[in-house]
Amino acid sequence: MRDPSWSCHLLHVDMDAFYASVMVRDRPDLDDVPVIVGGGYRGVVLSANYLARGSGVRSGMPMTRARRACPAAVVVPPDYDTFSTVSSSVIETFRRITPTVEVVSLDEAFLDVSGTARRLGSPLQIAEYLRARVHDEQRITCSVGVAASVSIAKLASRRAKPDGVLVVPPGEVTTFVHPLDVGELWGVGEKTAGQLHRLGLHTVGDVAHTPLRTLQRAVGQALGRQLHDLAWGTDRSTIAARDASVFGGDPDKSMGAQETFGRDTDDREVVLREMLRLAARVSNRMRVAGVAGRTVTITVRFADFTTVTRSRTLPEATDVTREIHQTATRLYDALGLQRARVRLVGVRVEGLVPRASVQRQLVLGEREHGWADADRAVDRAALRFGSSAVRPASLLP
DNA sequence: TCTGGGGTCCTAGGACCC
DNA sequence: TCTGGGGTCCTAGGACCC
C-alpha cells in the first residue's frame, strides 16, 4: 500500500518540553522527578516535564500555583545559553535533511521536504529518521506533524506529542480538524475561544460551517478570514527558509525590554532609574544590530494588573540611550500618577530602520552627537570588560 | 508572593491631506 | 455650506504566540 505521507511535503517539528528536557538530560538524579523550569520571584512556569504536567502544571502558570499543584517538583532556573546551543545543533540536523527550514522559535521549525523526499524516503520516513537523529545527537525527544499545509502540520505535531509522529494527508484534513476544540486553532486564545463559545461555536467544524460574514462580525475582519481558512485546511502551504536569530532573517520591527519589580513601587525615582536601565539595554541592542527607531513606547503595569501604554514618535530615528530615556521619562510623567503602585515598566522602540538610512539633522547638532559618541564608548567598554563595567552614575549601586 | 519577557499583528478613532 | 471618499500617520489598547 502506498504511504499516505507522499501527498504531504511539510514537517512541523516541535521539541517535547524543550527547556525541561534540556535541563534534566545531564542530571540522572532528576530522571523520575517532576521538574519545572522557571522560578524567580513573581515568575511563571517556562516549561515542565511530563511528570509535572501530570499534576496539572502548565507553562505560563504562575509559579505559586504550580508549586501548590505539584509540591514534589524540583524547580530549576532556565539556562538560555544552553537552550540556544542545543537549538542551533538541532536546526543544523534539520538543514542536513533539507535547506528549506523555517525556524519559528528555539524549539520549533517547519521543514519543506518536497526536494528530498526521493533521496531519503517518504515524508513519514524522513520524520522518523529526523527524530532518531535528534535523539541520538541531543538525547531529547521531539514530535513531528506531517501535512500539506502549515497549520495542519502544526496541529498534527501537537496531537503526536510526546515523542511521536502524525501524518494528516489532504484527504483527511476535515475529519482530523473538525472535531477539535476551537481553542486548538492558531490565533484562538482564551478570549476568542470564549467569544466563539458564546456564539455556540465549540468545534472547528462549527466554525467551518459558519458564514464568513458572521465569523468576521464576531472576531474581526482578519481573524474571521483566518479561522475560516484554518477550519478548511486551506491555509499557507509554502514556507520560507529563514532563521529568526541569524543574519538574513526578517529584520526586527521593534526592540524592547521590560521588568517586573520584586515589589510594587510608587516611587518615581525608582521607576525612572529602572527605565534608564531598560533604555540602555534596548539602545545597546539596537546599536549592535545597526538600527534606529522613531517611536518610543512605555508600558506601565499597576498592582491590579491593569496596563497602560504611551508612545511618542520623534522627528528623527534614534539609537541614543539618553534620547530614549528622556522620551520615556516625559511619557511617564505625563501619566500624572499619584502614589499608584507600579508592578512593571517597559521601554520599547518601534519603527526600526537601518541606522545607515538615517540622516541625522545637523541642526540638532553637537550635543546629541556627544551622547551618541558616549554610547559607543560604553558599548566598546562593555564588550571588553562586561556589560556591568560602564553605566550611568544613577545606576551605580 | 497569583499572573515573565520578547515579540507581532489587528482594530479603531482622529488628524490631515488630496 | 450641509456634506465625498480615500490614504497615511499617529496613538492606545488588546489579543496572541513562543
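So you know, we letter chains A, B, ... as the sequences are listed, proteins then strands, and number each from 1. Quick caveat: nothing in here was measured; it's all calculated off a predicted structure.
Residue-level contact check: A:Gly256 touches the backbone only, with heavy atoms under 4.0 Å from sugar-phosphate atoms and none from bases. Looking at heavy-atom distances under 4.0 Å, A:Leu344 makes contact with sugar-phosphate atoms alone, never a base. Note on A:Leu185: only backbone sugar-phosphate atoms sit closer than 4.0 angstrom, heavy atoms only; bases stay farther off.
Between A:Arg42 and A:Asp264 there is a salt bridge, since at least one side-chain N of the basic residue sits less than 4.0 Å from a carboxylate O of the acidic one. The residues A:Glu184 and A:Arg158 are annotated as salt-bridged, a charged nitrogen and a carboxylate oxygen being separated by less than 4.0 angstrom. A:Asp333 and A:Arg268 are joined by a salt bridge, as a carboxylate oxygen and a charged side-chain nitrogen come within less than 4.0 angstrom of each other. One finds no salt bridge joining A:Arg131 and A:Glu137 here, because no Lys/Arg side-chain nitrogen approaches an Asp/Glu carboxylate oxygen to under 4.0 Å. A salt bridge does not link A:Asp319 to A:Arg287: none of the charged side-chain nitrogens sits closer than 4.0 Å to a carboxylate oxygen. Using a 4.0 Å cut-off between charged side-chain N and carboxylate O, A:Asp304 and A:Arg341 make no salt bridge. The pair A:Arg277-A:Glu259 does not count as a salt bridge, with every side-chain nitrogen at least 4.0 angstrom from each carboxylate oxygen.
The 5' end of DNA chain C is approached more closely, in terms of each residue's nearest nucleotide, by A:Arg294 than by the other of A:Thr309 and A:Arg294. Both A:Gln258 and A:Val219 lie near DNA chain B, and the one whose nearest nucleotide falls closer to the 5' end is A:Gln258.
The side chain of A:Thr313 lies closest to C:dC10, out of C:dC18, C:dC10, B:dG5. Ranking B:dT8, B:dT3, C:dA12 by closeness to the A:Ser254 side chain, first place goes to B:dT8. With distances taken from any side-chain atom of A:Arg281 to the nucleotides B:dG6, C:dA15, B:dG4, the minimum falls on B:dG6. Closest to the A:Leu46 side chain, of the nucleotides B:dG4, C:dC16, B:dT11, is B:dG4. For A:Ala257, the listed nucleotide lying nearest its side chain is B:dG6; candidates were C:dT11, B:dG6, C:dA15. You'll find that the side chain of A:Arg348 is closest to B:dG6, out of C:dG13, C:dC17, B:dG6. Among C:dC18, B:dG4, B:dG6, the nucleotide with an atom closest to any side-chain atom of A:Thr260 is B:dG4. Here the nucleotide nearest the side chain of A:Arg42, chosen from B:dC10, C:dG13, B:dT3, is B:dT3. Closest to the A:Asp252 side chain, of the nucleotides B:dG6, B:dT3, B:dT8, is B:dT8.
In this structure, CZ of A:Phe302 is placed 17 Å from C1' of B:dT3, rounded to the nearest angstrom. A:Glu350 has its CD atom 13 Å from the C1' atom of C:dC9, to the nearest Å. Counting to the nearest Å, the P atom of B:dG5 and the OH atom of A:Tyr19 are 14 Å from each other. For the pair A:Arg343 CZ and B:dG5 C1', the computed distance is 13 Å after rounding to whole Å.
Not one side-chain nitrogen or oxygen of A:Thr295 sits closer than 4.0 Å to the OP1 or OP2 atom of C:dC10. One finds a side-chain N or O of A:Lys253 lying less than 4.0 angstrom from the OP1 or OP2 phosphate oxygen of B:dC9. An OP1 or OP2 oxygen of C:dC18 is reached within less than 4.0 angstrom by a side-chain nitrogen or oxygen of A:Lys154. Distances shorter than 4.0 Å separate none of the side-chain N or O atoms of A:Ser311 from OP1 or OP2 on C:dC10. Between A:Arg301 and B:dT3, a side-chain N or O to OP1/OP2 separation shorter than 4.0 Å is absent.
The glycosidic torsion of B:dC2 lies within 90° of 0, placing the base in the syn range.
With centroids closer than 5.5 Å and planes inclined by less than 30 degrees as the test, A:Tyr41 and the base of B:dT1 fail to qualify as a stacked pair.
Side-chain atoms of A:Thr299 and A:Gln258 form no donor-acceptor pair, as typed in the model, at a separation below 3.5 Å.
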Structure string for DNA chain B in dot-bracket form, Watson-Crick and G-U at under 3.5 Å, | interchain: ....||||||||||||||
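Partners of A:Ser59 by side chain to side chain donor-acceptor pair (under 3.5 Å), not counting sequence neighbours: none found.
Spacing of P atoms, B:dT3 relative to C:dC17, comes out at 22 Å, to the nearest Å.
A cation-pi arrangement is present between A:Arg301 and A:Phe305 under the rule of less than 6.0 angstrom and at most 45 degrees off the ring axis. The side-chain tip of A:Arg53 points at the ring of A:Tyr50 from less than 6.0 angstrom away and within 45° of straight on.
Of all the residues in residues 53-87 of chain A, A:Pro62, A:Thr64 reach under 4.0 Å from DNA chain B with at least one non-hydrogen atom.
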